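Quick caveat: nothing in here was measured; it's all calculated off a predicted structure.
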Protein chains: 2
Amino acid sequence: MTTMTALHPTSPADPPQLGLRERKKIKTREAIRTATYELIEEQGYDATTIEQIADRAEVSPSTVFRYFPTKEDIVLTDEYGPLLEEFRDRPADEPWQDSLRHITRRAIGLGLGEEPEITRLRCRLIAEVPAVRSRLMESMSAAGPLLAGAIAARTGRDPESLEVRVFTMSLIGGLMEIFPYWARTGFRDDPADLVDRALAVYDRGPGAENP
Amino acid sequence: MTTMTALHPTSPADPPQLGLRERKKIKTREAIRTATYELIEEQGYDATTIEQIADRAEVSPSTVFRYFPTKEDIVLTDEYGPLLEEFRDRPADEPWQDSLRHITRRAIGLGLGEEPEITRLRCRLIAEVPAVRSRLMESMSAAGPLLAGAIAARTGRDPESLEVRVFTMSLIGGLMEIFPYWARTGFRDDPADLVDRALAVYDRGPGAENP
DNA sequence: AGTGAATTGAGAGTCGCTGTCAAAATCAAG
DNA sequence: CTTGATTTTGACAGCGACTCTCAATTCACT
């Protein structure tokens with residue numbers, strides 16, 4: 001025993017380099033999230049209050065706000081940030097459509113990987129709750145300049161130009177519609193196909209032929 | 001004197017067919033709006049509360065909410081609704097780009113006609129205050145199905161199809177960027193030109209040539 | 001163990017917004 | 001002009017998201 005503690009001064013066993021504090025933080029974060037999802041499935045989004053969430057997650061309301069800036073952020077994923085840097089690091093000679101398709105698919109796989117039901121609930125909320133949709137739009141818009149920079153670099157234009165900005169926002173607005181569409185059609189389609197079809201619109205316009 | 005009152009029982013003079021009630025409603029509505037604009041210019045959007053607005057407009061806070069559903073709606077125009085019906089009533093053989101250009105220009109002229117400074121303040125708020133931008137996005141999205149229907153009719157496709165929905169939302173997202181761009185460049189450009197340049201993106205992509 | 005730092009909970013407070021209800025203003029008729 | 005119905009208004013209470021502060025607890029390191 002003393003040997004072990006001597007060899008591993010701080011980390012006990014499985015989780016390699018994570019203190020008790022960090023592990024607890026992750027646990028409460030998850031607890032808040034699952035409590036929120038449960039309550040929303042039970043009574044809907046608007047009916048669930050922060051106080052209820054805090055009660056079920058066994059934390060105080062203050063703690064909920066310490067972990068998530070707004071109620072909408074609890075249900076939305078925040079893993080999309082790193083993905084955009086991935087977009088920027090793609091080969092410069094690759095057409096932007098391919099880069100976009102690549103990371104969009106990764107984003108979907110990422111969201112779909114963990115818990116399909118949660119992803120579906122999220123989509124439903126994006127489609128039905130204006131506040132959630134607005135918040136998603138806002139965070140995607142925040143990533144706008146980065147996207148604009150990447151597109152500008154590919155097309156050799158000024159990222160501040162009206163054309164690039166308009167195109168970037170049109171991408172964000174258009175691709176966001178995939179979520180509500182997927183939810184509205186009962187999650188029957190393959191999300192990757194939807195991404196392809198959506199991106200095709202930007203190449204061929206809204207009157208594109210069916211496959 | 002008695003002759004006049006006999007001839008004009010209720011309506012005194014100028015405004016032809018408008019009761020006292022309607023006239024007062026318009027006046028309080030304007031009072032709330034101008035009070036809001038003044039306060040925002042003085043202390044910024046977030047710092048001005050509904051109570052302050054009500055005080056300066058000399059009404060009660062309840063009345064403010066009776067005239068405008070949200071704080072954001074006070075600063076946003078609501079004249080865009082009728083414009084969309086105008087879009088639907090355009091000749092069916094006209095390309096959708098031309099129809100869109102037409103009503104977008106009318107929208108700009110409408111907002112610009114009355115008070116240029118207010119239009120500029122509005123643009124600045126759209127660019128800077130997330131809540132205002134979100135609200136605008138929401139109301140434009142609400143008009144989405146109508147726009148989708150018109151575009152679908154022009155291109156002979158299902159308005160419920162993914163392609164049309166994505167394209168419609170891309171239009172809304174992209175064209176909305178005109179406001180922030182106009183504000184960011186110090187209102188130096190002619191708004192009509194910006195609309196043309198933005199619409200050109202949907203024809204030729206983000207790499208379009210400069211004139 | 002004991003010190004220093006981070007995390008938490010409790011409480012009060014602000015603001016947007018919703019509802020109710022009675023008072024006041026306006027309108028229509030006699 | 002007075003009466004009675006209708007509409008508009010203001011005062012009030014209340015809810016929920018969110019912020020801030022401060023003391024108590026918990027963890028990390030020696």
[N] phosphate, OP1 or OP2, under 4.0 Å from [X] side-chain N/O:
{"X": "Ser60(A)", "N": "dA10(C)", "result": "no"}
{"X": "Thr63(B)", "N": "dG10(D)", "result": "yes"}
{"X": "Lys25(A)", "N": "dT7(C)", "result": "yes"}

| request: Just compare dC17(C), dG10(D), dT9(D) and give me whichever is closest to any side-chain atom of Thr28(B). | output: dT9(D)

| request: Among dC18(D), dC17(C), dG11(C), find the nucleotide with the atom closest to the side chain of Ser62(A). | output: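 Minimum distance to the Ser62(A) side chain belongs to dG11(C).
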
I need the [atom1]-[atom2] distance between [X] and [N], as an integer number of Å.
{"X": "Phe68(B)", "N": "dT18(C)", "atom1": "CZ", "atom2": "P", "answer": "14 Å"}
{"X": "Tyr67(B)", "N": "dG10(D)", "atom1": "OH", "atom2": "P", "answer": "9 Å"}
{"X": "Glu51(B)", "N": "dT18(C)", "atom1": "CD", "atom2": "C1'", "answer": "17 Å"}
{"X": "Phe65(B)", "N": "dG14(D)", "atom1": "CZ", "atom2": "P", "answer": "18 Å"}
{"X": "Gln52(B)", "N": "dC15(C)", "atom1": "CD", "atom2": "P", "answer": "8 Å"}
{"X": "Ile74(B)", "N": "dG16(C)", "atom1": "CD1", "atom2": "C1'", "answer": "11 Å"}
{"X": "Ile50(B)", "N": "dT18(C)", "atom1": "CD1", "atom2": "C1'", "answer": "13 Å"}
{"X": "Glu58(A)", "N": "dT8(C)", "atom1": "CD", "atom2": "P", "answer": "14 Å"}

| Of all heavy-atom pairs between Trp182(A) and Arg188(A), which one has the smallest distance, and what is that distance? |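 Distance-wise, the nearest heavy atoms are NE1-N, 4.4 Å.
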
| note | Comparing Pro61(B) with Pro61(A), nearest DNA chain D nucleotide closer to 5' gives the residue Pro61(B)

| request: Starting from the 5' end of DNA chain C, give me the residue, Lys24(A) or Arg66(B), whose nearest nucleotide shows up first. | output: Lys24(A)

| message | Given the ring of Tyr67(A), does Lys25(A) sit roughly above its face, with NZ or CZ under 6.0 Å from the centre of the six-membered ring and within 45° of the axis? | response | no

| said: Please determine whether any donor N or O and acceptor N or O are separated by less than 3.5 Å between the side chain of Arg21(A) and the base of dC27(D). | reply: yes

| message | The test is ring pair (Phe, Tyr, Trp, His ring centres under 6.0 Å); show your working for Trp96(A) and Phe167(A) and say whether it passes. | response | CA-CA 12 Å; Trp96(A) 89 71; Phe167(A) 186 72; 5.3 Å; yes

| Do Glu163(A) and Arg157(A) have side chains that get closer than 4.5 Å, going by heavy atoms? | yes

| message | Given 3.5 Å as the limit, does a donor-acceptor pair link the side chain of Thr63(A) with the main chain of Arg66(A), or not? | response |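 No; zero donor-acceptor contacts below 3.5 Å.
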
